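Written out below as C-alpha cells is the structure these notes cover.
Nothing fancy with the numbering, it's 1 onward along the sequence. Owing to the predicted nature of the structure, the values given are computational and were not obtained by experimental measurement.
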Amino acid sequence: MVSIAKKSLLALSLCLALGSSFVLPASALSKSESSAISNNCSTIKQSLSQLQKIDSKTRTYLGTAYETIANKFITPLNLRLVRNNRPTLSEIQFDFSSEQAKFRDYYTDYMREMENLININCQTEPDRFYDQLLVVRERRAKVKLATEELKKLTNQQYQAVVNLRQELTK
C-alpha cells in the first residue's frame, strides 16, 4: 500500500511540476489514487507550497527580463529606426507587448488556481482536490506557452537586428 501511495504521489507531483497536458477526467480517479492523495495530503501540500514559492521567484525573474527586453532593447531600437527613417520592427514590438500581457494574466490566473488548490482539504476531498489539480495544470500550461512565445519573439528580434546590422555594413 505504501508503494502505491508513493508512486501516486510521485506521479501527481511530476505531472504538476512538468506542466503535463495529460488530463484524466475526475471519474478516472481510482480508489487507490484517491486514498493516496488523502494519505499523503500534508506532503502534497508542502510540495505545492514549495512549487508556488519557486514559481513566484521564476515569475519575478522572467517578468523583469521581459520588461528589460521591451524597454531597453526593442522600444529604443524602434525609436532609433524611426529617427533614421528606416523600417521599424514594430510588428515584433506589438506581438511582444501583447504576449507580455498574456504572460502576466496567465500567471495571475495560475497562481489564483494554485492557491485554490492548496486551500482544498485533500484528506477529506481528494476528488475535488484532483479536479482542481487539473485546472492548475491547464493554467500552468498556458503560462508555459506564453513564455515559449516570448522566447520565440526575442529570437525573432535578435535575428532582425543581425539582419539589420548586415544590411547597414554593406
Side-chain angles (χ1 to χ4, degrees), residues 1-74 92-157:
M1 181 73 171
V2 173
S3 170
I4 292 172
K6 285 184 179 179
K7 287 179 182 177
S8 296
L9 174 62
L10 180 60
L12 180 69
S13 297
L14 283 174
C15 288
L16 179 65
L18 297 175
S20 173
S21 60
F22 178 72
V23 176
L24 294 173
S27 60
L29 195 60
S30 72
K31 283 207 177 268
S32 65
E33 291 168 328
S34 181
S35 177
I37 291 172
S38 293
N39 293 336
N40 295 294
C41 184
S42 61
T43 304
I44 292 170
K45 284 193 171 210
Q46 183 180 17
S47 295
L48 289 172
S49 292
Q50 289 172 348
L51 179 62
Q52 188 179 37
K53 288 176 188 171
I54 291 167
D55 281 351
S56 181
K57 289 177 184 176
T58 302
R59 189 268 179 244
T60 300
Y61 170 77
L62 288 175
T64 302
Y66 297 148
E67 288 296 322
T68 300
I69 291 168
N71 296 331
K72 297 195 181 226
F73 185 62
I74 295 174
I92 294 172
Q93 182 178 0
F94 176 79
D95 291 347
F96 194 88
S97 293
S98 297
E99 209 56 45
Q100 261 186 295
K102 285 182 189 177
F103 169 76
R104 284 189 292 269
D105 291 345
Y106 290 164
Y107 184 81
T108 300
D109 290 345
Y110 162 66
M111 272 304 166
R112 186 178 307 118
E113 297 300 340
M114 175 66 92
E115 197 61 41
N116 291 339
L117 176 64
I118 290 171
N119 288 329
I120 294 173
N121 184 342
C122 49
Q123 277 187 315
T124 59
E125 300 180 281
D127 292 328
R128 184 169 160 242
F129 181 84
Y130 184 76
D131 290 343
Q132 183 62 28
L133 175 63
L134 297 179
V135 172
V136 169
R137 284 182 187 163
E138 185 264 332
R139 296 301 192 280
R140 196 165 202 257
K142 282 184 172 185
V143 172
K144 182 181 179 201
L145 287 175
T147 60
E148 289 171 352
E149 184 63 24
L150 285 162
K151 180 181 177 182
K152 184 180 96 179
L153 290 165
T154 301
N155 288 335
Q156 285 177 5
Q157 176 73 18

Tell me, please, which residues at least two apart from [X] pass side chain to side chain donor-acceptor pair (under 3.5 Å).
X    : value
N71  : E67
Q132 : E113
K152 : E149
E148 : none

Trace of the side-chain contact (heavy atoms from CB on, under 4.5 Å) decision for T154 with F73: CA-CA 10 Å; T154 301; F73 185 62; over 6 Å; no

Quick check for you: to the nearest 0.5 Å, what is the distance between [X] atom [atom1] and [Y] atom [atom2]?
X    : Y    : atom1 : atom2 : value
N116 : F129 : CG    : CZ    : 12.0 Å
N39  : C122 : CG    : SG    : 10.5 Å
I118 : I44  : CD1   : CD1   : 12.0 Å
D55  : M114 : CG    : CE    : 6.0 Å
N40  : S35  : CG    : OG    : 8.5 Å
S34  : E125 : OG    : CD    : 11.0 Å

Note, [X] side chain near [Y] side chain (heavy atom, < 4.5 Å):
X    : Y    : answer
Q52  : L48  : no
Q46  : Q50  : yes
T108 : R112 : yes
K151 : T147 : no

Please find the pair of heavy atoms, one from [X] and one from [Y], that lie closest to each other, and give the distance.
X    : Y    : answer
V143 : F103 : CG1-CE1, 4.0 Å
P126 : I37  : CB-CG2, 3.9 Å
Y66  : F96  : O-CE2, 3.5 Å
Y130 : L29  : CB-CD2, 3.7 Å
S56  : M111 : N-CE, 4.1 Å

State which residues pass side-chain contact (heavy atoms from CB on, under 4.5 Å) with T58; sequence neighbours excluded, sorted by chain then number.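 Partners of T58 by the side-chain contact (heavy atoms from CB on, under 4.5 Å) criterion, ordered by chain and then number, come out as I54, L62.
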
Consider side-chain contact (heavy atoms from CB on, under 4.5 Å). Of L153, D95, L150, which one does Q100 pass it with? L150

Between the side chains of E99 and K102, is the shortest nitrogen-to-carboxylate-oxygen separation below 4.0 Å, so that they form an ion pair?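 Answer for the salt bridge query: yes.
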
Just one of E138, R140, R139 clears the side-chain hydrogen bond (donor to acceptor under 3.5 Å, both in side chains) bar with Y110, so which one?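 For Y110, the side-chain hydrogen bond (donor to acceptor under 3.5 Å, both in side chains) test succeeds with only one of E138, R140, R139, which is R140.
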
Holding to ring pair (Phe, Tyr, Trp, His ring centres under 6.0 Å), I want the full list of residues that pass it with Y106, two or more places apart in sequence or in another chain. none

